[in-house]
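Working notes for the structure below.
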2 protein chains.
Amino acid sequence: MRDKRSKQDGDDEPSTRPRFLQIADKIREKIERGDLTVHDILPSERSLSEQYNVSRMTGRRALEALETEGLVYNADRRGRFVSPKRLNYNVSNMVSFVVNAQTNEFDLEINVIEAAESIADSRLAALLEQPEECDVVQYTRLFHSGNHPIFIETEYLIAERFPDFLDHDLRQSTAQILEKSYNTSANTGDIVIRMRGVQAHEAQLLNIAASHTVIELEQVIRDDKGTPFCFGRQVWRGEMAEFSAHAIVTR
Amino acid sequence: MRDKRSKQDGDDEPSTRPRFLQIADKIREKIERGDLTVHDILPSERSLSEQYNVSRMTGRRALEALETEGLVYNADRRGRFVSPKRLNYNVSNMVSFVVNAQTNEFDLEINVIEAAESIADSRLAALLEQPEECDVVQYTRLFHSGNHPIFIETEYLIAERFPDFLDHDLRQSTAQILEKSYNTSANTGDIVIRMRGVQAHEAQLLNIAASHTVIELEQVIRDDKGTPFCFGRQVWRGEMAEFSAHAIVTR
DNA sequence: TGATTAACCTGGTATATACCACCTAGGCTA
DNA sequence: TAGCCTAGGTGGTATATACCAGGTTAATCA
């Protein structure tokens, strides 16, 4: 298609920087300048390869680079689009996250993926400070904003303490349910945040490629007596997550 | 090299799962079983392609998938190796992080990349609650464990408050310097954690590919009067990071 | 009008090839 | 012995090609 570029054809300055990153840079600039804005469609792999006179695989790598950066998302076989802004999650404010998000510029929608009673495995039982194989209520929900998935949350509650919990409508803040119907509210939490590879079923729900990366947030939530009553795990699209906290140094 | 696989050749159950992920799965199992342990070398792209009778690009994709997962790291042109365990960073414990890490199983080493006096830009000045263009002391350090880079930290201190700061040896906990020489210690911090694309110079220091992803942690550190005196930014290899916090719900 | 279909678009996977830059180890030379 | 150098290994980039699977859309048919 085109001859091998050699050093002397004075087109670019950093001829060391790979071609696919140069192309990614140009697209990134367009996004930062505002030529392309949130949810706008990007050029396809094939059109990029024509435009820059490279092979499709090179155009693809440029787009993939922007994708792993999080600037761009990919709706399976429809094209690639500019990602929306991040959502800020304040870890000191667990209770009212859904309420906050709904009253702010984001309006979060919730899909209930699964809701069932089950039995705690040993790790879960230990975290909840319960005997092994105790009954738990578990539900998984997908949080999204206008069809754009943001994170998956799975929560486990001690069944005994929250009878008939699953009769409630789970498309709302569960903190509100707990407070109104069971007079229980979160007081402290132990939180862990890490980055890890996505699992196949998560990738499907979050609409990302199976070889991508997510942010996992796990928390044990305690009441005002310090007794744990909930374990939660959130799996975020990395580019949609931003966690803030106010730390007080312990000595 | 090999004929196109069709549905009827009963070799695998999930013939839908891409070949490169199947290969990645097998390697992942080896790591989880312990056949391969920390810092062991993995098969090369070329040897994988022979072993599984696929093209080099397919073997490569398998290894790259494990790399973005964080299970595997890549030492430029030497090969791919099994990643070490994560380091846990307790955000409520900022002061003594270096001390902690050095006394635990990890022994962290520090390289000073840069140390200089400079002038705060508007964002930094605002974060430090100082007038614009105030003098700051800034230094960048690379934290690693036995040649394995873990994170980069850049800190900015108000110069006026910490005279001759750069005369100290920066290959130690700066919290200790601040406490011993300036009678200042961290009391609270405002922290933000996010995942983002790595920048070229960071990628070089962290020894990762330019199209990868990192965890960024930014914090404004305040003394016991609530006055900010330090702004810090850490850029972590995602697979090496794990952040924990104890949250107290604010209402 | 409403449903079906077909053409065309998108990205997903996979092969085969080529050349480059860099690292390492082993052998050779001074 | 100390240093250099080369051969072979590794990943990095890039092209060209092929076919598949799913989404979109517009033409077609009942």
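Convention: sequence-line order gives letters A, B, ...; per-chain numbering from 1.
Between the side chains of B/T140 and B/T154, a donor-acceptor pair is found at a separation under 3.5 Å.
Looking only at distances, a side-chain donor or acceptor of B/E109 sits under 3.5 Å from a matching main-chain atom of B/G146. Between the B/R194 side chain and the A/N88 main chain, no donor and acceptor come within less than 3.5 Å of each other.
Interatomic distance, B/E153 CD to B/I110 CD1, rounded to the nearest 0.5 Å: 8.0 Å. Taken to the nearest 0.5 Å, the CG atom of B/L142 stands 11.5 Å off from the CD atom of B/Q204.
Contact annotation: side chain of A/R56 to base of C/dG12, donor-acceptor pair present below 3.5 Å. Applying the 3.5 Å distance criterion, the base of D/dG12 shares no donor-acceptor pair with the side chain of A/R61. No hydrogens or angles were tested; on distance alone, nothing pairs the side chain of A/R60 with the base of C/dG11 as donor and acceptor under 3.5 Å.
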Heteroatom pairs (N/O) under 3.5 angstrom, protein to nucleotides 24-26 of chain C:
unit_1: C/dT24; atom_1: OP1; unit_2: B/R78; atom_2: NE; d: 3.2

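Between B/Y89 and B/F151, the distance separating the two ring centers is not shorter than 6.0 angstrom.
The aromatic rings of B/F165 and B/Y139 sit parallel, their planes meeting at an angle under 30°, below the 60° perpendicular limit.
Taking atom CE on A/M57 and atom P on C/dG11, their separation rounds to 12 Å, with Å as the unit. Separating the CZ atom of B/R77 from the P atom of D/dA7 is a distance of 20 Å, rounded to the nearest angstrom. One atom, CZ of A/F81, and another, C1' of C/dG11, lie 11 Å apart when rounded to the nearest Å. Taking atom CG of residue B/D76 and atom P of nucleotide D/dG9, one finds them 19 Å apart after rounding to whole Å. Atom C1' of nucleotide C/dC20 and atom CD of B/E45 are separated by 14 Å, given to the nearest angstrom. Taking atom CD1 of residue B/I41 and atom P of nucleotide C/dC23, one finds them 15 Å apart after rounding to whole Å. Nucleotide D/dG23 holds its C1' atom 13 Å from the CG atom of A/N74, rounded to whole Å. If you measure from atom CD of A/E64 to atom C1' of C/dT10, you get 14 Å, rounded to the nearest angstrom.
Of the two residues near DNA chain D, A/R46 and B/S44, the one whose nearest nucleotide lies more 5' is B/S44.
Distance from the side chain of A/R80 is smallest to C/dG11 among D/dA14, C/dG11, C/dA14.
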